[in-house]
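Report on the following structure.
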Protein chains: 2
Amino acid sequence: MSSKLTERQQQVLDCIREFQSDTGMAPTRAEIADRMGFQSKNAASDHLRALERKGYIKLHSDRSRGIQLLDNAYWSDEELPIVGKVAAGVPIEAIENVERTVPVPQGLFKQRPTYLLKVQGDSMIDAGIFDGDLIAVRKSNVARSGEIVVARIDEEVTVKTLRLNKSSATLLPANEAYEPIKVPADQLVIEGIFVGLIRDPNSF
Amino acid sequence: MSSKLTERQQQVLDCIREFQSDTGMAPTRAEIADRMGFQSKNAASDHLRALERKGYIKLHSDRSRGIQLLDNAYWSDEELPIVGKVAAGVPIEAIENVERTVPVPQGLFKQRPTYLLKVQGDSMIDAGIFDGDLIAVRKSNVARSGEIVVARIDEEVTVKTLRLNKSSATLLPANEAYEPIKVPADQLVIEGIFVGLIRDPNSF
DNA sequence: AATAACACTGTTCATATTATCAGTAGTCAT
DNA sequence: ATGACTACTGATAATATGAACAGTGTTATT
């Protein structure tokens with residue numbers, strides 16, 4: 001049972017999460033005040049007390065950076081857009097493509113997704129990604145070799161495993177029925193990185 | 001590129017991970033010394049410097065608890081046994097059942113697995129668990145409703161979703177071809193909790 | 001209209017924490 | 001046998017940080 005947060009409190013909670021994600025440690029009162037634009041550290045203190053009272057964090061008293069995010073802190077839903085078919089040349093996040101939004105618990109995935117993409121086709125079936133699955137994607141225009149990426153080739157968007165060589169990139173399907181796609185490194189457009197998968201067997 | 005750690009340094013790294021897992025924050029030098037049994041805080045400092053130099057952590061200077069675990073820190077492998085067929089009545093971790101061990105990166109899963117179990121059968125196929133998959137299991141004799149568990153019924157070990165009612169438990173398969181199994185709560189033996197899945201398409 | 005909760009500014013003080021210096025020993029490679 | 005790294009003890013100084021107190025307005029609820 002945790003009461004609802006005010007908008008400002010939610011912002012502070014997000015701020016703490018982001019700081020932790022960036023630096024690997026929880027922020028101090030001063031650092032929260034800095035990021036949030038407060039003139040006084042005590043503004044941050046007040047918010048922390050509120051967040052603790054409402055059950056989102058635990059404060060370890062007299063401990064530096066003693067802010068512990070509780071499970072609740074991660075279960076504040078964020079509405080993510082589901083992107084379906086993507087029109088040629090249109091940025092993937094264009095509002096026209098948004099079918100609907102679904103609440104996704106933050107922290108469900110290690111990397112925070114930017115949007116959800118409904119998988120079409122079975123080219124990644126051996127990687128456990130089925131037709132109709134929702135994959136969580138973090139928007140990014142770079143990726144490392146071995147990562148599963150959302151890439152654009154000739155106005156078409158696909159999900160494949162990225163393999164980077166010296167001068168070229170290969171998009172690897174995970175299905176024997178499909179062939180790898182070799183692309184010159186400078187022609188490859190990465191849309192995002194696969195950071196998680198959501199399968200709801202009752203969604204059909 | 002990160003050089004190898006000494007046994008002691010590995011222990012200190014484990015100590016930091018555990019502390020962070022317990023409290024949600026990185027330990028101070030004093031707390032490391034305390035947990036490790038050092039008389040001097042500087043022993044911890046020395047180890048931290050070594051761990052940073054070898055690329056396992058990042059130290060944020062002049063910052064309290066400014067220890068950031070880098071990816072490398074999680075990639076220190078732990079050898080986990082793979083349990084295959086389980087003889088009737090024999091504890092699941094009995095050495096006779098160990099087929100082989102594989103290095104599993106710690107921190108790959110949020111919950112640290114105790115052993116790996118090779119899935120036999122397709123009763124959980126709708127949950128994305130296929131025949132031949134390795135599932136990472138955390139040994140536990142209790143579980144919450146809704147969790148996927150490794151349970152023993154009549155000398156047979158199965159993987160199912162656990163559904164707890166008032167007085168009885170139901171083991172739910174994720175495959176229409178199989179029927180749910182109802183078990184009196186006091187007869188159910190939980191072996192462990194499903195904490196992750198490893199699928200290697202090249203392992204066949 | 002009163003009260004509580006929210007959302008801050010600004011200051012002071014105690015203490016938590018890091019950094020650094022000075023040692024002691026053991027191991028390991030050149 | 002010499003230097004580099006490991007693995008510590010012990011102490012002190014500098015700074016980072018949390019806690020507390022005294023205020024000011026605003027907004028939501030009864």
When B/Val159 is tested against each of B/Val149, B/Leu171, B/Leu117 for side-chain contact (heavy atoms from CB on, under 4.5 Å), which residue passes?
-> B/Leu117
Tell me whether the OP1 or OP2 atom of [N] has a side-chain N or O from [X] closer than 4.0 Å.
X       : N      : answer
B/Arg8  : D/dC8  : yes
B/Gln9  : D/dA7  : yes
B/Arg65 : C/dT17 : yes
B/Arg53 : D/dT6  : yes
B/His47 : D/dC8  : yes
A/Lys54 : C/dC6  : yes

What about A/Lys41: does its side chain form a donor-acceptor pair under 3.5 Å with the base of C/dG10?
-> no
Gap between atoms [atom1] and [atom2], on [X] and [N] respectively (whole Å):
X       : N      : atom1 : atom2 : answer
A/Asp46 : D/dT24 : CG    : C1'   : 13 Å
B/Asp34 : D/dG10 : CG    : C1'   : 17 Å
B/Ile32 : D/dT9  : CD1   : P     : 14 Å
A/Leu59 : D/dA19 : CG    : P     : 7 Å
A/Arg63 : C/dA14 : CZ    : C1'   : 14 Å
B/Leu48 : C/dT20 : CG    : P     : 14 Å
B/Phe38 : C/dA25 : CZ    : P     : 19 Å
A/Arg29 : C/dT9  : CZ    : P     : 16 Å

At what distance, to the nearest 0.5 angstrom, does [atom1] of [X] lie from [atom2] of [Y]?
X       : Y       : atom1 : atom2 : result
B/Arg35 : B/Phe19 : CZ    : CZ    : 5.5 Å
B/Arg49 : B/Lys54 : CZ    : NZ    : 14.5 Å
A/Ile16 : A/Leu48 : CD1   : CG    : 5.0 Å

With a 4.0 Å cut-off on heavy atoms, is A/Ser61 in touch with a base, just the backbone sugar-phosphate, or nothing at all?
-> sugar-phosphate
Please tell me which of B/Ser64 and B/Ser45 maps to the more 5' nucleotide of DNA chain C, matching each residue to the nucleotide holding its nearest heavy atom.
-> B/Ser64
May I ask you to check whether B/Gln11 and B/Arg8 show a side-chain donor-acceptor distance below 3.5 Å?
-> yes
Name the residue closer to the 5' end of DNA chain D, choosing between A/Asn42 and B/Gln39 according to the nucleotide with the nearest heavy atom.
-> B/Gln39
